[in-house]
Undergrad: 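Below: one structure in structure tokens.
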Amino acid sequence: MEKTKFRKQDGRKCQYLDENGKWKSTGKDTIAEARQWYYSGKGKDKITFSEFAKNIMSDTSEGSYLDMLHMVERDNCNFYNYVSDKCLQKYILPYFGNMCFDEITPVILQDWYNSMRKSDGSRLPSGYANNILNILSTIFKWAIFR
């Protein structure tokens with residue numbers, strides 16, 4: 001998974017590394033503000049679910065979801081974050097990755113929830129499916145906060 005890099009140099013605004021390997025200014029003074037600006041669409045009308053959520057359960061850089069949890073002393077254990085990231089990669093991103101947040105409706109959520117299957121094709125146990133739903137809920141709450 002590709003992770004966007006940010007930097008802050010003395011006397012300059014924060015920068016991010018674009019897709020072409022060039023550093024571009026965010027116009028922001030702190031890394032946290034730069035991350036918020038970048039992940040809220042960086043001037044684009046809409047961003048995809050994947051652009052926002054792909055590293056949420058593994059990124060510990062300044063201003064990230066896990067960094068904010070750490071700042072308020074609500075850290076999850078590393079194993080929980082690892083399992084959450086794997087569930088995100090396997091069950092959530094393949095379904096919602098190319099959608100914009102405003103395209104995700106209750107009907108789409110219900111269809112996704114009912115379509116979750118184990119590798120052998122059988123239904124996921126309801127407790128496991130609900131844990132995955134909680135991860136998705138966390139992502140939506142973080143998106144609203146950001």
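A quick note: this is a predicted structure, and the numbers were derived from the prediction, not measured. For the numbers below, each heavy atom of this structure counts, side chains included, while hydrogens, waters and symmetry mates do not. We're numbering straight along the sequence, starting at 1.
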Undergrad: Please report the closest heavy-atom contact between I108 and I104, naming both atoms and the distance.
TA: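 Answer, listing the atom of I108 first, then I104: CD1-CA, 4.4 Å.
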Undergrad: Applying the 4.5 Å side-chain criterion to the ILVMFWY set and letting contacts propagate, would M116 and I92 be lumped into a single cluster?
TA: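 Yes; I92 is reachable from M116 via cluster members.
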Undergrad: Given F96, which partner from the list Y113, F52, W112 fulfils the ring pair (Phe, Tyr, Trp, His ring centres under 6.0 Å) test?
TA: W112
Undergrad: Could you please spell out the steps behind the side chain to side chain contact (heavy atoms under 4.5 Å, CB included) verdict for Y95 and L136?
TA: CA-CA 11 Å; Y95 199 90; L136 181 62; over 6 Å; no
Undergrad: At what distance, to the nearest 0.5 angstrom, does CD of E33 lie from NZ of K13?
TA: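 If I round to the nearest 0.5 Å, the distance is 8.5 Å.
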Undergrad: Residues in ring-ring contact (aromatic ring centres under 6.0 Å, His included) with F145, at least two apart?
TA: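 Testing F145 for ring-ring contact (aromatic ring centres under 6.0 Å, His included), a comparison that skips the adjacent residues, returns W142.
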Undergrad: Before giving the answer on side chain to side chain contact (heavy atoms under 4.5 Å, CB included), spell out for R117 and R123 the whole-Å C-alpha distance, their side-chain angles and the decisive distance to 0.1 Å.
TA: CA-CA 5 Å; R117 300 279 186 256; R123 290 191 60 111; 3.0 Å; yes
Undergrad: For L133, does its backbone N or O pair with a side-chain atom of S137 as donor and acceptor, under 3.5 Å?
TA: no
Undergrad: What I want to find out is whether R35 reaches D59 closely enough, with some N-O distance under 4.0 Å, to be called a salt bridge.
TA: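 Answer for the salt bridge query: yes.
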Undergrad: Are the side chain of T26 and the backbone of C14 linked by a donor-acceptor contact shorter than 3.5 Å?
TA: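 Side chain of T26 to backbone of C14: a pair is present.
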Undergrad: Quick one: do F140 and L93 end up in the same hydrophobic cluster if we chain Ile, Leu, Val, Met, Phe, Trp and Tyr together by side-chain heavy atoms under 4.5 Å apart?
TA: yes
Undergrad: Of all heavy-atom pairs between K118 and L124, which one has the smallest distance, and what is that distance?
TA: CG-CD2, 3.5 Å
Undergrad: Which pairs, with at least one residue in residues 100-113 and sequence neighbours excluded, count as a salt bridge (charged side-chain N to carboxylate O under 4.0 Å, His left out)?
TA: K46-D102
Undergrad: Indicate the atoms forming the closest heavy-atom contact of K24 with D18, along with that distance.
TA: CE-OD2, 2.9 Å
Undergrad: List the atom of P94, the atom of Q89, and the distance in Å for their closest heavy-atom pair.
TA: CD-O, 3.2 Å
Undergrad: Once rounded to the nearest 0.5 Å, what's the spacing between atom SG of C100 and atom CD of E51?
TA: 8.0 Å
Undergrad: If the condition is ring-ring contact (aromatic ring centres under 6.0 Å, His included), which residues does F6 pass it with, not counting sequence neighbours?
TA: Y38
Undergrad: At their closest point, which heavy atom of T138 faces which heavy atom of M57, and how far apart are they?
TA: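 Closest heavy-atom pair between T138 and M57: CG2-CE, 4.1 Å.
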Undergrad: Transitively linked via ILVMFWY side-chain contacts under 4.5 Å: Y82 with Y80?
TA: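 As far as the 4.5 Å side-chain criterion goes, Y80 and Y82 are not connected within one cluster.
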Undergrad: Would the distance check show the side chain of D85 and the main-chain N or O of N81 forming a donor-acceptor pair, the cut-off being under 3.5 Å?
TA: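 No; zero donor-acceptor contacts below 3.5 Å.
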Undergrad: Under 30°, 30 to 60°, or over 60°: which ring-plane class applies to Y91 and Y128, parallel, tilted or perpendicular?
TA: perpendicular
Undergrad: Ring-plane angle category for F101 and F49, please: parallel below 30°, perpendicular beyond 60°, tilted otherwise.
TA: tilted
Undergrad: Are W23 and W37 co-members of a hydrophobic cluster defined by side-chain heavy atoms under 4.5 Å apart?
TA: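 No; tracing contacts between hydrophobic side chains, which count when under 4.5 Å, never links both residues.
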Undergrad: Write down the atom of S61, the atom of D67, and the distance for their closest heavy-atom approach.
TA: O-CB, 3.3 Å
Undergrad: Are I56 and V83 linked, directly or through other ILVMFWY residues, by side chains that come within less than 4.5 angstrom of each other?
TA: no
Undergrad: What is the distance from atom CD of E62 to atom OG1 of T30, rounded to the nearest 0.5 Å?
TA: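 Here the interatomic distance stands at 6.5 Å.
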